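Please read the structure below before turning to the comments.
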Amino acid sequence: MPRYNPAQIEPKWQEYWARNKTFAAPQLPGAKKLYVLDMFPYPSGDGLHVGHPEGYTATDIICRFERMRGKSVMHPMGWDAFGLPAEQHAKKTGTPPRITTEKNIGTFRRQLQMLGFSYDWDREVATTDPDYFRWTQWIFLVLFDTWFDRELGRGRPISELPIPADVDASGGQAIRRYQDAHRLAYQSEAPVNWCPALGTVLSNEEVIGGLSERGSHPVVRIPLRQWMLRITAYADRLEQDLAELDWSDSIKTLQRNWIGRSTGAEVDFYIGHPDESPEGRPVAPAFKTWRNERAERGFAATPTSDAIRVFTTRPDTLFGATYMVIAPEHALVPRLTRPAQAAAVREYCERAARKSDLDRTELAKEKTGVFTGSFAVNPVTSRPIPIWIADYVLASYGTGAIMAVPAHDTRDFEFATAFELPIQPVVDPGDDAGVDRDAVLGGVAVFTGEGTSIHSGPYVSLSTADCKQQITDDLAKRGLARPAINYKLRDWLFSRQHFWGEPFPILHELDAAGKPTGLVRTVPPGELPVDLPELAVFETHGSPEPPLEHAPESWLYPVVDGRRYKRETNTMPQWAGSCWYYLRFLDPKNSRELVSRQIEHAWMPVDIYIGGAEHAVLHLLYARFWHKVLYDRGMVSTGEPFQKLVNQGMILGEMELTGYKQADGAWTSAAMVETDDDAQPKLKQTGEAVEAVRVGFDQVEKTGEAFVLKGHPTVRLDSRAYKMSKSRGNVVNPDNVVREYGADALRLYEMFMGPLEATKPWSMEGVNGVRGFLDRVWRMMTAERSERAELNPAVRDVEPTPEQNRVLHKTIHGVTQDLERMSFNTAIAKMMEFTNFYLKCDVRPKSAMQTLVLLLSPLAPHISEELWQLLGHQQTLAYEPWPAFDPAAVHEDEIEIPVQINGKLRARIRVPQGASPQVIEHHARNDERIAALLENQTIRKVVVVPGRMVNFVVG
RNA sequence: GGCCGGAUGGCGAAAUUGGCAGACGCACGGGACUUAAAAUCCCGUGGAGGGAAACCUCCGUGCGGGUUCGAUCCCCGCUCCGGCCACCA
């Protein structure tokens, strides 16, 4: 019996496509271009898992579909191949990372080719290839050569940076240092996230709750000289430009939250002491920065030691600011600390410095802090307020100092309560804010919402919004405040202490004694790439020392123009290569440029980008940032790289059944399972220990609706799907699926499971189900019981009957629409309906069969090509015109519409297509059943929606 | 704690976003073919009740309200599940 044999068909067509370069994209597209991009994979040693082909199949369907509709399609694939696992493998086995990486790429390439994706393999790139990272290094040089012009809101060449007169007068070194302080790539001594277990520094994004994202190891903060990228300069544009993108709102929200724009004001609090009069203190105009990068952003510089600058989103609550808090790392800590408090402050700050982020987070419940002994002056009340130090204020956000308004901020309230500081309510929540108004007004509850000002001098009875505005305006006139915007986004820590990454094209200048001067020179673009040296030692030493420190002297200390330099030994993070790979695909062999200007202009932007939601923040933000810099520098033609973005949902493992066992080993009975009348059964808290146990399918019985444990008919089992993981043993390997069911079945199943963006559980029985569909399609067109596949005698060169034609064109229309809106599961369902119908026909017009093959071909290309050939064609169907929909074919003279009485379906009537409401109502009233039901009823209203339904409202 | 998603048969899901709830598939039940099983084909399948039967009635999209002739869809208030961020002033 002909179950078709994918093991024969699929490799045959894969070879055909490769041999004929069927899917080679043109250098320059025709009139209608389409750039469809997958998030290229990290080629791990485990090979592909079934999550990869989900997105890849979706993009492949789009590409094949649009090629048939006449578009020039760019569909490349490559490898994000730098990364820690290959390096760790090297440490364990001594195998150089390049060898491991090449092997893994080989596996991934084989697996992807086995699935029949229509990539243009001639464009394959790997981030680890020197011909590739040469350009990654080149872009770093662009970043290094760019400063951000705040006036124009864009990046410009460093040569155009205006040099202040005093700097200019100080000469060459001063100018270089000034420029270095303004570059988009700069060095910083700021505290970094050092992970001893991984032996590397991590970006903020790679630290989750004080633990490393990879491996969950503790992370501590230590100061270290690092390369930073000034992504914060672009925060505003990265946020604003989201508006034009065709991305889901949830991803946009994710990015917005990450950028974390807050509007408010900066307010200066002059430092005074109760013994000193705050009056008559001169306004200090000269503001000195205490952190360069914040000054560069144009705000948040802390003024002289005469004042503490804070950022607040609620200037309206200024009258309620009863104390101030500065971060333990704040530059003013030493100056503000009075002798009496010195010991306590020193101890507190040292403890805070030792704490890892995890400790700080874990201890978040209990607020800690210490008084400095100093006071500041509240600029609106002129009263002195105490200045405290507490680690709930972050040095890295805003100005590293806050005004504390305990009545209207939860954290301040907790702190004030713990240290018995005064709580002064200044916002009346009103009666319907959903809070205990009396408690708020009495200063024993916190209210963070908006309301009406009270106890606020001249600002009483203003709304929160008006009050913000007026207080800010008034203080601005006195030079004590200004509107300000702050971002949660921090500058991007761009160096790693890894071997297996891109070396920086940077040389450190050495003085006569061989010590670094702090000045650098770049490796000229013509001398790129800076390749990795041969290196046998991959050990880390529990200190933040990069492996490249052990490189051969000749690599480490190059001599340029007779002068000895030391190479930068940090390497770039894994994100670097993936920030721009979409550009290189367009012109992968270009040895003179990153991408030819003409080619870039013709193909960009990426029209559709599909990948996992795990990259919603980091990769997409970084890539957009680099792209904007390249755009500012005139190297790319679009402001954004990815026009449309779709996140495929996660694929979970197969459903698992769980039972519950008591401590004594007995299974819990149904009596132990509490069922509240509506919800799921829950375990009753009886005080006895109960353990969840995975139940094998051989232990399961089904009675009626529920799964029960065999032999224990009262024990109900919970069914749930879990994330695929090695430890759980529920990982599905695509190789096995292809071997058993074929690539077409795997592709089809991945698309049939549900909407692309949904999280959904795997089911092998489901794969078997779609395989059954493919078998039916095969049988619909091929003869049974023949050695060689032959056309089924039912397939004849005849005109379709009107009914066959209607089904055919309904299918064309439905599938086309569904593919356009990426609703692949319903497109497949429509082709199943087609097949169910035509299998019942004794005569199957060849034209209809050919059309179905074309409709199916984007989803299941191998079987489609085979059937296409069987139907008498010599060439691939990849560029056959997409079937045209004929509306006339689906036209029906009569349509059936439902008739309701009081919204309940009571009958169906047949009316002529396009009948008027009057005619429809007439037909409805004349229907036997309806007439009977309407007898002796008062009809209050008749609603007729032409072509849809009729509703009689009676009673 | 904040933000963003979800919740529809035994299961995965449809319903072209206010108009016939459950398309399509899985699983399951019955039948055909077969010595038998597998495969394949045909029929049935949301729940409850009624009828000899074609059929009929009622209930049904997490829960409680609301808007509407009409709500899976819109509004208000909850419950549960998932994801992301978490002391960001």
Side-chain angles (χ1 to χ4, degrees), chain A residues 1 3 208-209 248-254 256-258 260 262 264 310-314 325 360-361 363-365 367 390-394 396-399 401-405 409-412 414-415 486-490 613-614 616-617 649-650 655 676-680 682 702 704-707 719-721 749 752-755 757-770 772-773 775-776 779 784 814 817-818 821 823 825-826 828-833 836 839 896-905 907-908 940-943 945 947-954:
Chain A
M1 274 305 276
R3 267 172 82 90
I208 293 162
S248 75
D249 285 340
S250 63
I251 297 296
K252 286 187 182 182
T253 307
L254 230 48
R256 282 207 185 91
N257 289 348
W258 193 266
S262 317
V310 303
F311 172 74
T312 177
T313 56
R314 293 296 299 272
V325 184
R360 284 202 183 186
T361 311
L363 298 172
K365 285 161 206 133
K367 291 275 181 292
D391 64 5
Y392 83 90
V393 171
L394 307 176
S396 51
Y397 182 76
T399 62
I402 63 156
M403 66 178 207
V405 184
D409 180 283
T410 315
R411 296 149 300 177
D412 297 344
E414 284 166 9
F415 191 82
N486 246 308
Y487 300 91
K488 282 190 216 174
L489 186 70
R490 313 291 155 83
E614 68 273 20
V617 174
M650 206 194 323
M655 286 282 192
D676 15 354
D677 38 15
D678 47 314
Q680 302 289 320
K682 279 175 209 153
K702 224 184 85 173
E705 313 161 8
F707 293 101
S719 70
R720 235 194 102 176
Y749 174 66
F752 189 61
M753 293 167 86
E757 305 197 54
T759 304
K760 43 214 177 266
W762 187 264
S763 156
M764 275 307 176
E765 280 166 343
V767 183
N768 195 41
V770 292
F773 162 65
D775 285 333
R776 284 158 65 80
R779 255 199 324 275
E784 301 188 11
Q817 271 198 333
D818 285 348
R821 51 191 192 107
S823 179
N825 54 334
T826 54
I828 294 165
K830 278 161 190 154
M831 289 188 275
M832 287 172 167
E833 286 182 76
N836 290 344
L839 270 172
E896 192 184 73
I897 63 171
V899 182
Q900 302 176 347
I901 293 177
N902 283 349
K904 286 189 179 172
L905 177 71
R908 293 170 224 273
R940 296 191 185 281
K941 193 172 176 181
V942 183
V943 181
V945 182
R948 294 239 92 140
M949 49 74 68
V950 182
N951 189 14
F952 291 98
V953 187
V954 302

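Chain identifiers are assigned alphabetically (A, B, ...) following the order of the sequence lines, protein sequences preceding nucleic acid strands; residue numbering begins at 1 within each chain. All values reported here derive from a predicted model rather than from experimental measurement. All values below come from the heavy atoms of this structure, side chains included, with hydrogens, waters and symmetry mates left out.
Proximity note for A:Val945 (side chain, C-beta onward) versus B:C85, B:C59, B:G19: the nearest is B:G19. Which of B:C24, B:C69, B:G19 sits closest to the side chain of A:Lys941 comes down to B:C69.
Using atom C1' as the reference point in both B:C73 and B:A7, the two lie 14 Å apart (nearest Å). Atom name C1', nucleotides B:G18 and B:A86: the rounded distance is 39 Å, in whole Å. Nucleotides B:A21 and B:U16 have their P atoms positioned 14 Å apart, rounded to a whole Å.
Between the side chains of A:Thr826 and A:Ser823, at least one donor-acceptor pair of N or O atoms lies under 3.5 Å. For A:Asp412 and A:Tyr392, the side-chain atoms include at least one donor-acceptor pair closer than 3.5 Å.
Side-chain contact between A:Thr312 and A:Met403: present, with at least one pair of heavy atoms (C-beta onward) separated by less than 4.5 Å.
In a base pair of the Watson-Crick type (N1 to N3 plus N6-O4 or O6-N4) or a G-U wobble (N1-O2 and O6-N3), with each distance short of 3.5 Å, B:U72 is matched with no nucleotide. The partner of B:G44 is B:C28, judged by Watson-Crick or G-U wobble contacts that both fall below 3.5 Å.
Contact annotation: side chain of A:Lys830 to base of B:C24, donor-acceptor pair absent below 3.5 Å.
Using a 4.0 Å heavy-atom distance criterion, A:Gly260 is classed as making no nucleic acid contact. Residue contacts for A:Asn836: at a heavy-atom cut-off of 4.0 Å it reaches the sugar-phosphate backbone alone, with no base atom in range. A:Arg940 comes within contact range of no nucleotide atom at all, as no heavy-atom separation falls under 4.0 Å. A:Leu254 comes within 4.0 angstrom of the backbone, heavy atoms only, and of no base. Contacts of A:Ser763 with the nucleic acid, taken as non-hydrogen atoms under 4.0 Å apart, are absent.
Regarding the sugar-base torsion, B:U16 falls in the anti class, its angle being beyond 90° of 0. In this entry the base of B:G6 is anti relative to its sugar, with a glycosidic angle more than 90° from 0.
Taking for each of A:Ser823 and A:Val943 the nucleotide of RNA chain B with the nearest heavy atom, the 5'-most of the two is the partner of A:Ser823.
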